[in-house]
Amino acid sequence: MLTAMGQKLFPYFTIPFCLMLFLSPLILPLVSSQLNYNFYDYSCPRLSNMVRYFVWSALKNDTRIAASLLRLHFHDCFVNGCDGSVLLDDSKDGSEKNAFPNRQSLRGFEVIDNIKADVERFCPSTVSCADILTLAASEAVYQVGGPYWRVPLGRRDGTTANEMDANTQLPSPVEPLQNITAKFISKGLDLKDLVVLSGGHTIGFAQCFTFKGRLFDFKGSGKPDPSLDPSSLSNLQSKCPNRDASNRNLAPLDSTSTDRFDNAYYTNLKSNTGLLESDQALMGDPQTAAMVNFYSSMNQYYFYNDFSASMAKLGNVGVLTGQNGQIRKKCGAVN
């Protein structure tokens, strides 16, 4: 059995540490004092291998799942911190699954549930769903050609979700760059993190309703977005005709290398073929455009290095540790 990177893998396989060094940059990011890399070394030593296997197994059947797990992690952390709240089916403040940015689009829950069920068999009431989701996102990126970075562990699960907060805190694909930047800053992230984490759109798909305004009625003009490359416009209009029935159709965020993590996202922005309005907007600001130009023209090592560092920062946002929160037995419900 081979991955896209050519490694021979078996259930609960281990990728040698030296191989990780060779295949991608090894990132040892700054760690929150509340988390550490060795948190489960004695209480659940096979955790990383279990997560790795289930992600690999899911990718065999669904190449979209890497992007889905990455997005699931981002949507968890961006709403009141990385506490697994996005996984809850219900709470007194509603379910984040039902928030507008997540409804009928957020995926990967079954992968996390399968990992959690297996982890509970070997390490009952030990590993949080928040840690499993963070590990799964990292592993998913790595298995489709992206960078490897070590994930500090020790998060605990929240006991509530908040649908309203998900509606207001998550960035929208049609928001101005200034608004999105403010949302990132409110989470302890900065403009560079915004540009770098947007590069995660090198994998995955978007539903037509998230960008259809660019194709037919940009900002109420009755015309397409003039910045969109004409050939891309024609192709997207065929995928997403101007009728409601096409709203849930899918288009790749990066049409040049849809299933492989690389730096092509930035090249697409330079050629005006970015899919989302919020993505292409990075070329309209001198600071963000300079970063786009850098990541598109340099060896993708620099993007991988910075993506790893920004993902580590994201994974530290609003974490619960110590006696806060709980270790859920099932990720969809509080104990």
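When side chains are defined from C-beta on, Leu47 counts as touching Leu135, because their heavy atoms get closer than 4.5 Å. Looking at heavy atoms from C-beta onward, Arg260 lies out of side-chain contact with Val144 at the 4.5 angstrom threshold. Residues Pro173 and Thr210 form a side-chain contact, since some pair of their non-hydrogen atoms from C-beta on lies under 4.5 Å apart. Put simply, the side chain of Asp76 does not reach to within 4.5 Å of the side chain of Leu72, judged on heavy atoms. Within the 4.5 Å cutoff, no side-chain heavy atoms of Tyr265 are placed close to those of Ile203. A heavy-atom distance below 4.5 Å is found between the side chains of Val127 and Tyr40. Residues Leu269 and Ser296 form no side-chain contact, since every pair of their non-hydrogen atoms from C-beta on lies 4.5 Å or further apart. Under the 4.5 Å side-chain criterion, counting only non-hydrogen atoms from C-beta, Pro224 is not in contact with Phe216.
Checked by atom type, the side-chain pair Ser246/Lys212 shows a donor-acceptor distance below 3.5 Å. Counted by atom type alone, Glu96 and Asn102 present zero donor-acceptor pairs between their side chains at under 3.5 Å. Counting only N and O atoms by type, the side chains of Tyr266 and Asn293 include no donor and acceptor under 3.5 Å apart. With 3.5 Å as the limit, one finds no donor-acceptor pair spanning the side chains of Arg46 and Asn49. Judged purely by distance below 3.5 Å, without hydrogens or angles, the side chains of Ser310 and Lys192 never pair a donor atom with an acceptor atom. Tyr302 and Asn263 form no side-chain donor-acceptor contact under 3.5 Å, judged by distance and modelled atom types alone. Remark: the Asp254 side chain and the His201 side chain contain no N/O donor-acceptor pair separated by less than 3.5 Å. Looking only at atom types and distance, the side chain of Asn249 has no donor-acceptor partner in the side chain of Gln207 under 3.5 Å away. For the residue pair Arg248/Ser105, the side-chain donor-acceptor check at 3.5 Å is not satisfied. Judged purely by distance below 3.5 Å, without hydrogens or angles, the side chains of Asn272 and Ser227 never pair a donor atom with an acceptor atom. For the residue pair Glu163 / Ser95, no side-chain donor-acceptor distance below 3.5 Å is found, with atom types taken as modelled.
In this structure, NZ in Lys330 is found 10.5 Å from CG in Asp89, a value given to the nearest 0.5 Å. Note that the CZ atom of Phe54 and the CG atom of Leu59 stand 13.5 Å from one another [nearest 0.5 Å]. Here the straight-line distance linking atom CG of Leu88 with atom OG1 of Thr159 works out to 8.5 Å at 0.5 Å rounding. A distance of 9.0 Å separates CG of Asn80 from OG1 of Thr160, quoted to the nearest 0.5 Å. Taking CG of Leu320 as the reference point, atom CG of Asp83 lies at 5.5 Å (rounded to 0.5 Å). Distance CG/Asn335 to CD1/Ile327: 9.0 Å, rounded to 0.5 Å.
One hydrophobic cluster, built from ILVMFWY side chains closer than 4.5 Å, holds both Phe294 and Phe303. Under a hydrophobic-cluster definition in which Ile, Leu, Val, Met, Phe, Trp and Tyr are linked whenever side-chain heavy atoms come within less than 4.5 Å, directly or via other members, Phe122 and Ile132 are assigned to the same cluster. Neither Leu194 nor Leu275 shares a network with the other; the hydrophobic side chains, linked directly or stepwise wherever heavy atoms of I, L, V, M, F, W or Y lie under 4.5 Å apart, form separate groups for each. Cluster membership for Val119 and Val151, using ILVMFWY side-chain heavy atoms within less than 4.5 angstrom, is shared. If you chain together hydrophobic residues whose side chains sit under 4.5 Å apart, Met311 and Tyr301 fall into the same group.
A distance-only check finds no donor-acceptor pair linking the side chain of Asn179 to the backbone of Glu175 [under 3.5 Å]. Panel note: side chain Ser234, backbone Ser231; no donor-acceptor pair is recorded below 3.5 Å. Formation of a donor-acceptor pair under 3.5 Å by the Gln326 side chain with backbone atoms of Asp157 is not found in this model. In this structure, Ser186 contributes its side chain and Phe184 its backbone to no donor-acceptor pair below 3.5 Å. In terms of modelled atom types and a separation under 3.5 Å, the side chain of Ser221 and the main chain of Asp217 share no donor-acceptor contact.
Applying the side chain to side chain contact (heavy atoms under 4.5 Å, CB included) test between Leu191 and each of Thr181, Ile180, Val196, Ile185 identifies Thr181 as the sole match. Just one of Lys116, Arg156, Arg328, Arg155 meets the salt bridge (Lys or Arg N to Asp or Glu O under 4.0 Å) condition when paired with Asp131; it is Arg155.
Remark: Lys223 is not positioned above the aromatic ring of Phe218, lacking an NZ or CZ atom under 6.0 angstrom from the ring centre and at most 45 degrees off the axis. Annotation: cation-pi pair Lys183/Phe78 absent, no NZ/CZ under 6.0 Å from the ring centroid and within 45° of its normal.
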Practice item. Test Ile112 against Leu69 for side-chain contact (heavy atoms from CB on, under 4.5 Å), laying out the working first. Key: CA-CA 9 Å; Ile112 304 304; Leu69 290 170; 3.9 Å; yes
Evaluate the side-chain contact (heavy atoms from CB on, under 4.5 Å) criterion for residues Phe109 and Leu87: first the C-alpha distance (whole Å), next the side-chain angles of each, then the deciding distance (0.1 Å), finally the verdict. CA-CA 7 Å; Phe109 297 103; Leu87 305 172; 3.8 Å; yes
message: The test is side-chain contact (heavy atoms from CB on, under 4.5 Å); show your working for Leu253 and Thr202 and say whether it passes.
response: CA-CA 6 Å; Leu253 289 160; Thr202 185; over 6 Å; no
Start with the C-alpha gap between Lys97 and Leu106, add the side-chain angles, then the distance that decides, and say whether side-chain contact (heavy atoms from CB on, under 4.5 Å) holds. CA-CA 7 Å; Lys97 293 180 179 181; Leu106 214 55; 5.6 Å; no
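Residue Asp165 comes nearest to Asn162 through the heavy atom pair N-OD1, 2.9 Å, listed as atom of the first residue, atom of the second, then distance. Contact between Met283 and Val292 at its shortest, heavy atoms only, is SD-CG1, 3.5 Å. Smallest separation of non-hydrogen atoms from Pro101 and His75: O-CE1, 4.0 Å. For Cys77 against Val317, the heavy-atom pair with the smallest separation is O-CG1, 3.7 Å. For the residue pair Glu120 and Ser125, the shortest heavy atom distance occurs at OE1-N, 3.1 Å. Closest approach of Ser232 to Thr273, counting heavy atoms only: OG-CG2, 3.1 Å.
Separation of the Phe307 and Phe261 ring centroids falls under the 6.0 Å cut-off.
At most 12 non-hydrogen atoms from other residues, nucleotides or ligands lie less than 6.0 angstrom from CZ of Phe100.
Classification of Arg107 and Asp62 as a salt-bridged pair holds, one side-chain N sitting under 4.0 Å from a carboxylate O. By the 4.0 Å N-to-carboxylate-O rule, Arg214 lies too far from Glu277 to be salt-bridged with it. A salt bridge links Asp190 to Lys313: at least one charged side-chain nitrogen sits closer than 4.0 Å to a carboxylate oxygen.
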